Each structure stands twice: as structure tokens, then as C-alpha cells.
Amino acid sequence: MASQVRLRLLPSARCLFDEHVQVKVTGLRSRQVVTMKARSTDDKGVVFSSSATYRADGRGEVDLERDPSLSGTYNGVEPMGLLWSMRPDTLHKKFQKTRSLNPHVVKFSVHEVEGEGRTLAEVTNERLLIGDGVTRLPMQVGNIRGVLFTPPGQGPFPAVVDLYTFGGGLSEKRASLLASRGFVVLTVALYGHDDMPKNIKEVHLDYFEEAIQLLRKQDKVGNKGVGIISISKSGDLALSAASYLPGVDATVWINGCSANTALPLYYKKRQIHPPLMFDLSRVIPTESGPSIAKYGVDNPLAEENRATLIPIEKAKGHFLFVASEDDLNWDSKAYMDEMVERLKRHGKENFESVCYPGAGHYLEPPYGPYCPSSIHVVVGKPVMWGGEPRSHAAAEVHMWKKIQEFFRSHLNVEFSVTKTPSEKDESDFMCPDSGLKTRVWVHLKHTQVLQHSSVSG
């Protein structure tokens, strides 16, 4: 290893999973061409890696904030490209980092391009899923199985239930990161965890009501109402909770459906929604291997499926709808548009919506590896999730900030807005690490965000 070459991560090599780092190399020859690499192993033992070729400047320095990748797993100026462009060493594997106590450890290295590609320098980036002082408490109370994350300090803090439920088991990543940003978060399993059944044939809304009540009883929770965050199938569970259960003040729906899907939904021992069904014959195979599942879901607006639609117009809380235009799991954008139109017809203004061009199905906290394809629980084989890596990564950065702002607006009792209902703010957000520009018009009425729309600039 060349002693004069130094690889640095700024401001620190230890950070939270969702934090940006600056990657810099010094001590190279003037205009030297080198290969930058990143490598990590997830909770399932799958190795993910990326690489990019850079040319040093006249002083022998490479700065990923400034310099373009000439080739590799991404091109152009992408400060965090080595992270989101990492690919699995086995096809159709989704990055699994679900246990909050296991940091995402990434080894960055710089190599000569000439000869045998000698390693010039390396550094380890420890990307934590749980921040300093955040407490993690496994919950086995009544029927609830999950983990409670609480920020340091006396509080009070806004509270959120994380529904990362379909597919079985328990995922802690999103919940622990939200707690690290100042929220009390209860992430719950629906099946396949601890002493719960391995599979289920129906879903009971009573379970989520119990989770909400449990969270509201926690000492550091500062508001009687709670938030719910969801993605994919759990999106319709979140909509149902917001529509039927008391105490849900803010709901984040990410690439879900507007109807109850896959399994019948019960409340108080009575079926309240049949399932919107999936027809495997409409799944489209591709020459590259993974299939496209987008057209396999029945139309929720068809007369015979109307009973599956969730009556969100009855909800008293606020909604943040997030949809990816290139979602290949199902048509999230169409579902979102239908819900927005329905709420408007009922005179409702309790929602925001944002749509991301070029993004795929799995929108998660930023800087994890982009997932083009993996096993689909219902289809039972690999499917394509859609999206283009760079656009998808930029969407995750913007969305993660937006979610936190939304929850703070509607769950923090100390939050206040002094503007009159007629006032209108315009702001331009430029996502770091990308050229994605989102223009956001936000109308304010007390603490109520009425409408949010976005376009690519």
C-alpha cells in the first residue's frame, strides 16, 4: 500500500446510515487515473460492491464532491455513488440490513489502474443504524411483537408506528433511524417473528390498534396522536388504520395501493374489506430473467372490486402520499392519483403528494444499495422493481427529509405556524448527489399542509 496516498471520509468515518460523507483522495501523481471501490456484506451474508474510475487533478487529488466518475457502476459527479451503486455478488438479492445493532460497514479503497491494480489506500466507513443515546427495547406486550426505539433526552417526542410488515419478520432500520432523528418509534412484526405464526391468511386491524395504544402510553410520547409509516403492502394497512382507528394524526404511504390487497382485513371479528386479488397469469416474463408483476393486480376501481377500496375520506388525520413513476410492482402513481382525486371530491385538504420520476418500488432511507430485482413474496420468483439507480437514489434523499418534516408538522405539539391561510410559500429543493430538482408548492393553514406536488426540473 502506497504510504503517501491518503483516503479520507469527511467529516468522519463513523456516521449514521442516512448521512452524507465526503470521499477524498490525496497524495496521487498529477492526473493519475485510479479506481475507487466500495465493498460491504449485509445481514444475510451477501457481498455488495461498486467501483468507479477517476482522474486526479494537477495536485494529485480526487474529490467525489467535485470530480466525475469516468466509468464503473456509475458515471458523472455522484458524491455518494459508491454507496447507492453497490451491486450484490448474487443476482436478485435485496440489501438486507434489518437489525439496528449491526452497522453498515463499508470498506472504501483506491487502486492503481495500471499493472496489477495495486491497493494504494483504504478506509472503513461505519454507518450506524442507531444513533448515540437511542434506546432499543424489544416489545412482547399482549399480542404485540416488535421493538421500541426512544431518542435520548426527556422529550416529549412525536411518536410513529413503523409498518414494515409484509414478507414476515421484523425490520428495524427505518425505525431506528427515525428515532435517531428525534421520534419515538415502535416497529411491529405481523408474522414470522418470535412466537408469531410463520404465515397468515388474514389481517386483523385490532393488532395495529393495540400497537397504537401501546405507543401512546410511553412516557416520552408528547402527543396523543401518532404517525404511521408504511411501504408496499403495508401501505393499505396504514390507510385502513388512519380511516378506522382513533389517534392516527399523520400517515406516510410509500408506493402502496389504495385498496386492501392480498389478504382479507378484519376489525372487531368482522371482515371489513375483502382482498384485491393478484393474477399470476398477467405477470410478464422478461428475457433478462426477472418478471414484471405490475399488471398482475386486479383493478381496484372495477365495480366488482369496489369493496376493497379503503375509505380514506373518513380519516381525521393527515396523509403524505409518495409514489414512484417507474414502480414495476404495481401502479403506485395511479393509486395515488385516485386517492388525491377522491379526497378532493369529498372536500378534503388533509394531504400532500409527491411523485418521483425515474424511481422504483423500494424507496427507503438514503444511501443503501439500489435494488433492481429480487424475490416477490406473492409471485414467488424474482421480479423487476423498476427505476433508474441515480434517480432512485436522489428520490430517497429528498423523500427521507420530507417524511421527517411531515411528521414534525403534524405530530409535534410545540409546532406552530403564524402564516395566514392565504399565504403561499414557494421553495426549490435540490437533492444533493443528483440533478433532481423538485419544485414544491406548500399551502399552510395553521399546522395543516394542504397540498404538495412535484415535477422534475
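This structure is a prediction, so every number in the text was calculated from the model and none was measured.
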* Applying ring-ring contact (aromatic ring centres under 6.0 Å, His included), name anything that partners H104, two or more places apart in sequence or on another chain. => F17, F95
* In chain order, what residues pass the ring-ring contact (aromatic ring centres under 6.0 Å, His included) check against Y164, with sequence neighbours excluded? -> none
* To do: Would you mind listing every ring-ring contact (aromatic ring centres under 6.0 Å, His included) that reaches into residues 112-148, with sequence neighbours excluded?
  => none
Only distances under 3.5 Å count here; give the side-chain donor-acceptor pairs of residues 47-54 to other protein atoms, sequence neighbours excluded, each with its distance to 0.1 Å.
residue	atom	partner	partner atom	Å
S50	OG	L82	O	2.6
T53	OG1	S71	OG	3.2
Y54	OH	Y74	OH	2.7

* Who passes ring-ring contact (aromatic ring centres under 6.0 Å, His included) against F149, sequence neighbours left out? -> none
* Does E325 have any salt bridge (Lys or Arg N to Asp or Glu O under 4.0 Å) partners at least two apart in sequence or in another chain, and if so, which? -> none
For residues 25-35, dump all side-chain donor-acceptor pairs below 3.5 Å to protein atoms at least two apart in sequence or in another chain.
residue	atom	partner	partner atom	Å
S30	OG	G58	O	3.1
Q32	OE1	R29	N	3.0

* Structure fact -> Residues passing the salt bridge (Lys or Arg N to Asp or Glu O under 4.0 Å) test with R136, sequence neighbours excluded, are E172
* Structure fact -> With sequence neighbours left out, the residues meeting salt bridge (Lys or Arg N to Asp or Glu O under 4.0 Å) with D219 are none
* Asked: Any Lys/Arg nitrogen of R66 or D57 sitting under 4.0 Å from an Asp/Glu carboxylate oxygen of the other?
  -> yes
* Asked: Taking only residues two or more places apart in sequence or in another chain, which ones pass salt bridge (Lys or Arg N to Asp or Glu O under 4.0 Å) with K93?
  -> none
* Among all residues two or more places apart in sequence or in another chain, which pass the side chain to side chain contact (heavy atoms under 4.5 Å, CB included) test with E210? -> N143, I144
* Would you please name every residue forming a side-chain hydrogen bond (donor to acceptor under 3.5 Å, both in side chains) with D327, sequence neighbours left out? => S332, H361
